[in-house]
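Here is how names work: the chains are called A, B, and so on, in the same order as the sequence lines, proteins then strands, and each is numbered from 1. Just so you know, these numbers come straight off a predicted model, no measurement behind them.
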Amino acid sequence: MPVLLKRFIYSNLKNYTLYKFPALIGRGNIQQEKIMSEVRLRFPPSPTGYLHIGGARTAIYNWLYVKKHNGRLILRIEDTDVERSTKESIDGIIDGLNWLGITWDEGPYFQSDYIQEHIAAAHTLISTGHAYKCFCTKEVLDVKREAAVAAKATYQYDRSCLHLTPEEITLKEAQNIPHVIRFKVPEGDGSVVFEDKVYGHIEKSYKDIEDFVIIRSNGTPLYLLSNVVDDIRDRITHVIRGQDGLGNTPRQILIYEALGAPVPVFAHMSLTLDPQKRKISKRSHGEVVTVQFYKENGFLPWALVNFLVLLGWSPASDQEIFTPEELIDIYSLEGMNKANSIFNYTKDDPKFITDPKALSINAHYLRTMPIADLIPLVKEELIAADLWDTAYAGEKKEWFGNTVDLIRSRFHILKDFSGPGRAYFSDTYEMDPKPVKKNLEKFEHIREWLGLLAERFEHLADFSREETERATRELADELDIKAGILINGTRTVVTGQAAGAGLFDVLMAIGKDRLVARLKKFSAES
RNA sequence: GUCCCCAUCGUCUAGCCAGGUCCAGGACACCGGCCUUUCACGCCGGCGACACGAGUUCAAAUCUCGUUGGGGACGCCA
């Protein structure tokens, strides 16, 4: 996608000058100081078309840190893999973040806009003696590597091109022999040392790091370099990323140092694995690992955030449910767990569509949040299920609120309002076979009985909770059957469900007309 | 193969850095009870873990070493 088009789409022009020419900022000392001390983090997803829950977790921690420290969050799309980088796949990520409520202060920036800058940095490294051109072909190197692997030996690039004379280099270039640019790792017994905010003291010997490639033979930069150059330009002060980045860090620190740039604070977070301790991926686990799945299945965005933040982090207390403000206030890198955590998902479990804890947190919010906050979400769900009636926001507003409140304690996800809760909002609903068998088919005369009950209800002068109950029990006495038979039978017919709120509350929510009609219809069937 | 990281109930975790108050606390899940002529919520209770082995110490989940197990990095992927 052309650069200008992208900028147009994301209306990001106002930031362009600033990040492109950071030297323009802060001519005044005070401003300079303020900018230098500003906490700046970034979330750099590569466009995959969807936001992965692992990525979301990373974004959440970055966002929390920023909010806590009055910093700025930069969204940077690492779109150098051109094939995957369509507008749709970028939007998938952005939609996910928006839905979760993860906000950013700058961007999205696009890594692909800075390729020339990355290349320029590589040439700077050559001129300062921190990098060199390597003319070894991939084929030759592959042979060497395979030989080393076969001999069970450690393979590292043998630096055959490190000591090429300027004449040799000129000659090879004149012959059009393609070359890569390799970073020259310092020699000697030294090591790269840094203090990770989560993992603590990390040390890696120079001799265990090979001279890694930073520019491909086709002239394009590699991630390790691009990422650092972008972070320097974006003046990133803290890098919070997955533990899989821990191995990259020493090499990246070498680049920072060679470029004479300040090294940011690193905080690596544990990974989220599946119950088999495999990395979770959409490919092997399907939709459950995408944020989109939770949106489509009626999760409350904040409940997902609340669940995700607990996967690898905990406050010093036993608190597990947080408002955004509480979480921002209490969040600290100190609470990050070093051990990987498991996303406890069982495929094809009808009872748990995702990690049970995620469900329980969602259910908790569903039944405890202010009803006024829940109503718009239920409305959305009903609209999606084609069950919304504009009267619910008008003359039936009170009824709607009461009904939502009545049925929510049994629900786990918003979808339940249109699923098990459908009978409250529609006259067409499924009959759950289990209660049909248990509460209806078991009784030979149930149609007759419920027909009689329908008539009692119909002629009730006062259709109230008390009167419907009285009428029901009275009829049960007359028929010499247990009231429970009429109660459970009625619930089954009227809601299609085995479970529900107290029947007479249910009847008030369904209303006299619908109640009588449903019972009579059932009674007339045979 | 080399290097790095990690290790508490089934799962998420507290405790570990500053050893005793921990025969290890909370949450989810599961089981039982109360409530309810349904089910859920709620409440009460139960089940359930310091990977293993040495060492240091009067004392170790906590400190040290080793073993085992797991994860990650070693690409002209990001």
Taking only the side-chain nitrogens and oxygens of [X], find out if one of them lies under 4.0 Å from OP1 or OP2 of [N].
X	N	result
A/R216	B/A78	yes
A/S409	B/A40	no
A/K338	B/C6	yes
A/R491	B/U37	no
A/R145	B/C74	no
A/K351	B/C30	yes

Does any donor-acceptor pair link the side chain of [X] with the base of [N] at a separation under 3.5 Å?
X	N	value
A/Q319	B/G26	no
A/R410	B/C41	no
A/S217	B/C76	yes

Practice prompt. Locate the shortest heavy-atom distance separating A/W313 from A/S332; write the atom from each residue and the value.
Written response: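 That closest heavy-atom pairing would be NE1-O, 3.0 Å.
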Practice prompt. Please state the C1' separation for the pair B/G42 and B/C35 - nearest whole angstrom.
Written response: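 About 9 Å, rounded to a whole number of Å.
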Worksheet item: So A/H179 and A/F135, ring-ring contact (aromatic ring centres under 6.0 Å, His included) or not? Walk me through it.
Response: CA-CA 4 Å; A/H179 68 272; A/F135 295 88; 5.2 Å; yes
Practice prompt. Could you tell me which nucleotide pairs with B/G1 by Watson-Crick or G-U wobble geometry, both distances under 3.5 Å, or answer none if nothing does?
Written response: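 Check on B/G1: paired to B/C74, both distances under 3.5 Å.
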